[in-house]
A.B. asks: 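Quick one: structure below, then a few questions.
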Amino acid sequence: MAEIVRSVKGTRDFYPDVMAVRRWMFDIIRDVSTRFGYQEFDGPCLEFIDLYAAKSGEELVKEQAFVFSSPGDDMLTLRPELTPTLARMVAQRQYDIPLPLRWWSIGPFWRYENPQRGRTREFYQWNIDLVGTEAVAADAEIVAVAATFLKETGLSSEQVQIYVNNRRLMDEALSSLEVAKELRPAVFKVIDKLDKLSEKEWRAYALEIGLSEEQVGGLQTLVNAQDLWLKSDELVEFFELIKIFGLEDYVSFNPKVIRGLDYYTGIVFEAFELGGESRAILGGGRYDNLVADVGGNRLPGVGFAMGDVVLELVLQDAGVIPEKLGHTPQVLVTVFDEATIPESLKAAEEIRNAGYRVVVHPEADKLGKQFKYADKLDISVAVILGPDELKENLVAVKNLKTRDQVTIGRGELLSQIEKFLPSLP
RNA sequence: GUGCCUGUAGCUCAAUGGUUAGAGCGCCUCACUGUGGAUGAGGAGGUUGAGGGUUCGACCCCCUUCAGGCACCCCA
């Protein structure tokens, strides 16, 4: 065998069984998004690097984006995230698009990371946004979309939880601790680190960025204040609404959730798996200045993003991915010999027109071989049209799962297949 | 971008520095010229990730490189 050119580091090959899982996940995403009235959109995978220079974090562009110069010497990048593209698209048509807009998208993104489990260089990301309103109802709706999605994958509220916080609330709390404004981004980082460090390490880290002993103590109290949300009118209203959605099991307040990105201004949330490795599945929040940052007028919005890689791992560990996925063929029409090929093709077409997934064996191999092939493809029904059957205008239909085989009149082919395959999955 | 661990058949793994690198599963053929998951017999499949070095001799030791995993970083 000649040497096979290897695949690019951090990319994945989607063989049919893997592709079927992706298809299944994406179908739920599409279903939930559109049922909430969101419209699908997409942008280009290639963008000028300038689009990301404006915002979206230095690190993301400088160290994690695939940047290259085109033959025409433009500095291009493979999109590392969608939000700037969304902001541009909205800004370009600000006065034509009915607001608030509800848009969703799923597509490939690239980041130059060190690949490991749950992290690749090429991944798919679901983005969904509600732009043009500051209403708390919008925050609640977006979180409801996320919760509904998780629920419909089969994950229970014991397996996954969406933790919600509010940056305005945290800002106020930090004010009462007399934390200087310049220090806040660093403090948010400290909060973010809480679960990753030991208490001792965490205290040292907090002191290191310039907090006093007193402030560290206050911060510690703060991040454990499970009732803190009662001080935020927004969050009180938010949780009222989540209850109306009937999703309160999936959503809870958590003062430790803060999010790394700078552009969040209000509510922030992250979905975590509870058991196992407590990985972050999706994350988002309210951003009120994003469109303004790319040169449009101020437009408030709320949304989230979810990567496919971690999601799939979580779903796999939770055991909620259905066994039978994909559209493997249901019926194999065998081919007895050269002379009967037309009859087999005719029968296949008939079954196909009835809505079943049908394959015809490409050559007149021994029947045993053809059956074996059907087994490997997990095909349930085989149709046999040999000289004996054809002579009497009959057809043999075999249920490969139960080993039942019947020989019937040629005209009863479809009704017999329907008996063996009662439902069309 | 940094550090650590691991790369042997399609898969899971064996093989003190010493003949021709083995096993299970899987795959192909046959027993089975009109019937598949069992059984038996046979067969194919390897530049031991790649390249270099040490050695009389390397899957084994050393260096480089590639890939995967783990941690950091960051995040989806």
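Bear in mind the structure is a predicted one, so any value in this text is a computation, not a measurement. We name chains A, B, ... by the order of the sequence lines, and we start the count at 1 in each one.
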A.B. asks: With the criterion being N/O to N/O and under 3.5 Å, what pairs connect the protein with nucleotides 69-72 of chain B, and how long is each?
C.D. replies:
residue	atom	partner	partner atom	Å
B/C70	OP2	A/R117	N	2.5

A.B. asks: Please check if atom OH in A/Y112 has more than 12 non-hydrogen atoms from other residues, nucleotides or ligands closer than 6.0 Å.
C.D. replies: no
A.B. asks: Ion pair present between A/D171 and A/R184, side-chain N to carboxylate O less than 4.0 angstrom?
C.D. replies: yes
A.B. asks: For A/R23, give me all partners under salt bridge (charged side-chain N to carboxylate O under 4.0 Å, His left out), at least two apart in sequence or on another chain.
C.D. replies: A/D27
A.B. asks: Looking at A/K419 and A/D404, does any basic side-chain N land under 4.0 Å from a carboxylate oxygen?
C.D. replies: no
A.B. asks: Taking the same atom, C1', in B/C25 and in B/A14, what whole-Å distance lies between them?
C.D. replies: 15 Å
A.B. asks: Answer yes or no: side-chain N or O of A/E113 and base N or O of B/A76 forming a donor-acceptor pair under 3.5 Å.
C.D. replies: yes
A.B. asks: Give the rounded distance in Å between these two atoms: CG of A/D365 and P of B/U35.
C.D. replies: 14 Å
A.B. asks: State yes or no: are the ring centers of A/W126 and A/F149 separated by less than 6.0 Å?
C.D. replies: yes
A.B. asks: Please work out if A/G10 contacts a base, only the sugar-phosphate, or nothing of the nucleic acid, heavy-atom cut-off 4.0 Å.
C.D. replies: sugar-phosphate
A.B. asks: Measure the distance from CG on A/D375 to P on B/A38 and round it to the nearest whole Å.
C.D. replies: 10 Å
A.B. asks: For nucleotides 27-34 of chain B, give me one character per nucleotide, 5' to 3': B if any protein heavy atom sits under 4.0 Å from the base, S if the only such contacts are to the sugar-phosphate, - if neither.
C.D. replies: SSSS--SB
A.B. asks: Measure NZ/A/K9 against C1'/B/G49 and give the value in whole Å, please.
C.D. replies: 14 Å
A.B. asks: Under the salt bridge (charged side-chain N to carboxylate O under 4.0 Å, His left out) definition, can you give me all pairs with a residue in residues 119-135 of chain A, not counting sequence neighbours?
C.D. replies: A/E113-A/R119, A/E134-A/R298
A.B. asks: For the NZ atom on A/K401, are there more than 12 heavy atoms of other groups (residues, nucleotides or ligands in this structure) within a distance under 6.0 Å?
C.D. replies: yes
A.B. asks: Would you mind reading off the distance between A/R403 atom CZ and B/G36 atom C1', rounded to a whole angstrom?
C.D. replies: 7 Å
A.B. asks: In terms of side-chain geometry, is the basic nitrogen of A/E234 or A/R286 positioned less than 4.0 Å from the acidic oxygen of its partner?
C.D. replies: no
A.B. asks: Think A/R12 forms a cation-pi with A/Y124, using NZ or CZ under 6.0 Å from the six-ring centre and within 45 degrees of its axis?
C.D. replies: no
A.B. asks: Between P on B/C75 and OH on A/Y264, what's the gap in Å once rounded to a whole number?
C.D. replies: 10 Å
A.B. asks: Let me know the distance between CG of A/D13 and C1' of B/A67, rounded to the nearest Å.
C.D. replies: 14 Å
A.B. asks: Measuring only the C1' atom in each nucleotide, how far is B/U64 from B/G46? A whole number of Å is fine.
C.D. replies: 24 Å
A.B. asks: Name the stems with RNA chain B in them: runs of three or more consecutive Watson-Crick or G-U pairs, distances under 3.5 Å?
C.D. replies: B:1-7 with B:66-72, B:10-13 with B:22-25, B:27-31 with B:39-43, B:49-53 with B:61-65
A.B. asks: Select base, sugar-phosphate, or nothing to describe what A/K401 touches, counting heavy atoms under 4.0 Å on all strands.
C.D. replies: base
A.B. asks: For B/A58 versus B/U2, give the span between their P atoms, rounded off to a whole number of Å.
C.D. replies: 33 Å
A.B. asks: Counting neighbours of OH on A/Y163 that are heavy atoms of other residues, nucleotides or ligands and sit closer than 6.0 Å, is the number greater than 12?
C.D. replies: yes
A.B. asks: Taking all non-hydrogen atoms of both residues, which atom of A/Q220 and which atom of A/N224 are closest, and how far apart?
C.D. replies: O-ND2, 2.9 Å
A.B. asks: Between A/R111 and B/G1, is there a contact of a side-chain N or O with OP1 or OP2 at under 4.0 Å?
C.D. replies: no
A.B. asks: In whole Å, I'd like the distance from the NZ atom of A/K398 to the P atom of B/G36.
C.D. replies: 7 Å
A.B. asks: Does anything in residues 314-323 of chain A reach RNA chain B, meaning a heavy atom under 4.0 Å, and if so which residues?
C.D. replies: none
A.B. asks: Mind checking the P distance from B/U48 to B/A41? Whole angstroms is fine.
C.D. replies: 31 Å
A.B. asks: Is a salt bridge present between A/K346 and A/E349, judged by a nitrogen-to-oxygen distance below 4.0 Å?
C.D. replies: no
A.B. asks: How far apart are the closest heavy atoms of A/G210 and A/L183, and which atoms are they?
C.D. replies: O-CD2, 3.9 Å
A.B. asks: Could you check whether A/T120 gets within reach of a base, just the sugar-phosphate, or nothing at all, counting any heavy atom under 4.0 Å?
C.D. replies: base
A.B. asks: Write down the distance separating the C1' atoms in B/C5 and B/A9, rounded off to the nearest Å.
C.D. replies: 24 Å
A.B. asks: Could you tell me whether A/F68 atom CZ has more than 12 heavy atoms of other residues or ligands within 6.0 Å of it?
C.D. replies: yes
A.B. asks: Should we count CZ of A/R352 as having more than 12 external heavy atoms under 6.0 Å?
C.D. replies: yes
A.B. asks: Work out how far the C1' atom of B/U55 is from that of B/C27, and round it to whole angstrom.
C.D. replies: 40 Å
A.B. asks: I need the CG-C1' distance between A/N127 and B/A76, as an integer number of Å.
C.D. replies: 9 Å
A.B. asks: Quantified in whole Å, what is the P atom distance between nucleotide B/U8 and nucleotide B/A15?
C.D. replies: 14 Å
A.B. asks: Taking atom CZ of A/R35 as the centre, does the number of heavy atoms from other residues, nucleotides or ligands within less than 6.0 Å exceed 12?
C.D. replies: yes
A.B. asks: If each of A/V8 and A/D378 is mapped to the nucleotide of RNA chain B with the nearest heavy atom, which maps nearer the 5' terminus, i.e. the 5' end?
C.D. replies: A/D378
A.B. asks: Expressed in whole Å, how much space separates the P atoms belonging to B/U19 and B/G57?
C.D. replies: 15 Å
